[in-house]
Amino acid sequence: MDHDEKTMSLNERSTLLPNFLEDPNKKHLIDGQWVASMSEERIDTFNPATGAVLATLSRGRTQDIDRAVQVARRAFEGPWRLFTPAARQQVIMRFAELFEKHFDELTLLESLDMGAPLHKRLRAGKSGIIQTILYFAAQARNIGGALPHNSLAGNVTTMIIQAPVGVVGAIIPWNGPLFSQMHVLGPVLATGCTAVIKPAEDASLAILRTAELLLEAGLPPGVVNVVTGLGVEAGAALAAHPDVNRLAFTGSTQVGREIIKASAGNMKRLQLELGGKSPDIVFADADLEKAVPGVAMGVYSNSGQICFAGTRIFVQRGIQEEFLDQLASYSKTLKVGNPLEEDTVLGPLISQRQLDRVLGYVRTGQDEGASLVAGGSRMGGDLAEGYYLEPTLFGQVTNAMTVAREEIFGPVASVIPFGTVEEALRLANDTPYGLASGVWSSNVNTVMRMVHGIQAGTVWVNCYGLIDPAVGFGGYKESGYGWKGGESQIDGYLYQKAAYINGSNV
Ligand code: NAI
Ligand code: MG
């Protein structure tokens with residue numbers, strides 16, 4: 001079968017394809033034009049709900065990345081430079097409007113491509129994603145420098161100037177690209193940088209469509225370019241490129257290490273958001289009516305494919321059995337199903353590879369002596385063709401077991417008992433990661449000790465997974481560095497320059 005036949009068979013079966021897939025053979029978007037790879041090679045991208053080919057992507061390699069970076073450099077030095085902060089803000093505002101207008105189409109594309117529940121996850125996040133774009137629109141008007149008073153002899157004026165760093169590379173993961181990309185697009189557009197984006201090979205479509213909307217919003221061609229392809233090819237070429245000034249990467253800690261090495265050549269600045277093994281800690285005085293669904297969705301949301309998933313559930317002795325029972329019963333009420341159906345809570349995993357990886361962890365958990373309390377199996381029946389897994393819960397886990405140490409990135413939770421606040425802190429922090437955490441308690445002293453004691457970039461108290469663009473998000477330890485969102489993120493996209501102007505003779 002050639003590509004056309006493969007994609008056609010899916011198109012014939014679906015009445016729901018967005019217009020963007022009328023031509024399912026997608027290209028790179030470079031300099032405002034759709035262009036094929038120089039090699040003309042293509043790769044398939046799948047619908048994880050059916051396992052069928054959804055579209056084909058151009059397979060970008062070093063030469064395509066080179067071309068896009070050159071274009072981005074030219075755009076940086078070209079007319080985009082002349083956009084005032086107000087003009088950049090206006091482009092972002094127009095983009096926000098278009099994004100909202102096309103939101104249903106974009107979310108359908110995303111759901112088909114990576115399997116997230118269309119209604120309960122993607123469309124439910126509408127206000128959050130649009131507010132994130134608008135937050136960066138406001139930041140475009142908030143960039144300045146300083147005029148520090150100096151103590152130098154004579155009449156020397158000192159200035160600190162802030163200037164955009166230049167060309168930004170962005171490597172985006174597949175677990176939520178529509179939202180993820182905003183944390184690069186926002187600061188790039190706000191500061192006047194340009195970008196080359198390499199989406200994940202498993203989920204590139206919503207990013208390609210977004211880039212098209214940016215052009216419609218009035219962004220000059222070449223300011224945002226998208227090159228699709230494999231991580232080890234296009235991604236690695238972008239990370240190593242000598243003319244990229246900054247690189248934003250979200251993905252595995254293992255690839256994060258490769259990125260650090262690749263960046264050394266030209267010392268590009270990095271923002272890394274990597275893996276997690278976040279603790280979610282339930283004290284005996286917690287309101288269980290809120291804690292049970294809160295903890296469950298903290299781990300099962302997006303079928304567990306979230307960097308901050310609260311996968312290590314620490315439960316205080318005393319309520320341990322009751323909590324485990326309630327969590328198991330609750331998990332069985334969550335509908336696993338076709339992501340396009342209104343009441344679906346867990347869609348498929350992204351790929352057969354991810355499903356195999358997660359099932360491997362389920363087996364390891366059992367081999368190491370954890371007890372499987374709920375789930376653990378691939379879904380059959382109507383769902384047998386997709387990569388669906390039941391919400392899975394392990395009891396009798398210790399913090400030393402593999403399922404409690406490694407990022408699983410699937411709907412797999414582990415319940416681990418603890419006694420005192422000190423023990424909870426010690427266990428929570430006994431991990432190489434430090435992305436996020438949750439605490440459920442009605443005691444303010446307990447809450448404050450946890451908030452200050454947990455070594456992680458975010459602590460959610462009596463809630464889980466809230467994100468606000470003004471607050472931002474980042475990790476401790478091997479979860480990476482660089483803060484996404486918040487005022488400080490903009491700093492990473494700006495060079496500082498000091499000027500000493502000797503005016504003593506004037
Ligand atoms: P990955 O880290 O390989 O992929 C993430 C992105 O990096 C993709 O765009 C990929 O094309 C790119 N990439 C891969 N290798 C690269 C390289 N050598 N140089 C430059 N870019 C490269 O993650 P993968 O294999 O898809 O998933 C494996 C595990 O990674 C998951 O099970 C999960 O534990 C973790 N992960 C974490 C994410 C997060 O949000 N923190 C997102 C995706 C994966
Ligand atoms: Mg896909």
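Numbering of ligands and ligand atoms starts at 1, following listing order. Keep in mind the model is a prediction, meaning the values are calculated, not measured.
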Just checking, Arg357 and Phe409: is the charged tip under 6.0 Å from the six-membered ring centre and within 45° of the axis?
->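 Cation-pi check for Arg357 and Phe409: fails.
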
So, does Gln354 sit close enough to ligand 1 that a heavy atom of it is under 4.0 Å from the ligand?
->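 Yes, Gln354 has heavy atoms under 4.0 Å from ligand 1.
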
Does Gln254 have a heavy atom less than 4.0 Å from any atom of ligand 1?
->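 The answer is no, since Gln254 has no heavy atom less than 4.0 Å from ligand 1.
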
Return the residue, atom name and 0.1 Å-rounded distance of the protein heavy atom closest to [atom].
| atom | result |
| --- | --- |
| atom 17 (C) of ligand 1 | Gly231 O, 3.5 Å |
| atom 44 (C) of ligand 1 | Phe409 CE2, 3.8 Å |
| atom 11 (O) of ligand 1 | Glu201 OE1, 2.6 Å |

Relative to [atom], which among [options] owns the nearest non-hydrogen atom?
| atom | options | result |
| --- | --- | --- |
| atom 3 (O) of ligand 1 | Val358, Thr228, Val255, Leu435 | Val255 |
| atom 27 (O) of ligand 1 | Glu406, Arg357, Lys261 | Arg357 |
| atom 9 (O) of ligand 1 | Thr253, Ile172, Ile197 | Ile172 |
| atom 23 (O) of ligand 1 | Gly304, Pro199, Gly410, Ser252 | Ser252 |

Grab the two heavy atoms, one from Lys26 and one from Arg42, that are nearest each other, plus how far apart they are.
->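 Between these two residues, the closest heavy atoms are O-NH2, 2.6 Å.
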
With a 6.0 Å cut-off on ring centres, are Phe46 and Trp174 close enough?
->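 Ring-ring flag for Phe46/Trp174: false, centres at least 6.0 Å apart.
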
Going by the order shown, which atoms of ligand 1 are within less than 4.0 Å of some heavy atom of [X]?
| X | result |
| --- | --- |
| Ala236 | 19 (N), 20 (C) |
| Gly235 | 19 (N), 20 (C), 21 (N) |
| Trp174 | 24 (P), 26 (O) |
| Ile259 | 20 (C) |
| Arg353 | 25 (O) |

Pair [X], [Y]: side-chain N/O donor-acceptor within cut-off below 3.5 Å:
| X | Y | result |
| --- | --- | --- |
| Ser37 | Arg59 | no |
| Trp440 | Asp280 | yes |
| His241 | Asp66 | yes |
| Arg209 | Asn19 | no |

N/O/S from Phe46 sitting under 2.8 Å away from the Mg ion (ligand 2) =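 Given the 2.8 Å cut-off, Phe46 counts as a ligand of the Mg ion (ligand 2).
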
Going by distance only, is there an N or O of [X] that falls short of 3.5 Å from an N or O of ligand 1?
| X | value |
| --- | --- |
| Phe249 | no |
| Leu274 | yes |
| Lys198 | yes |

Where the Mg ion (ligand 2) is the corner point, what angle links O of Asp202 with O of Asp113, to 10°?
->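 It comes to 90°.
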
Which is it for Ala239 and ligand 1 at heavy atoms under 4.0 Å: side chain, backbone, both or neither?
->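 Answer for Ala239: neither.
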
What orientation do Tyr464 and Phe308 show, parallel under 30°, tilted 30 to 60°, or perpendicular over 60°?
->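 Ring orientation of Tyr464 relative to Phe308: tilted.
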
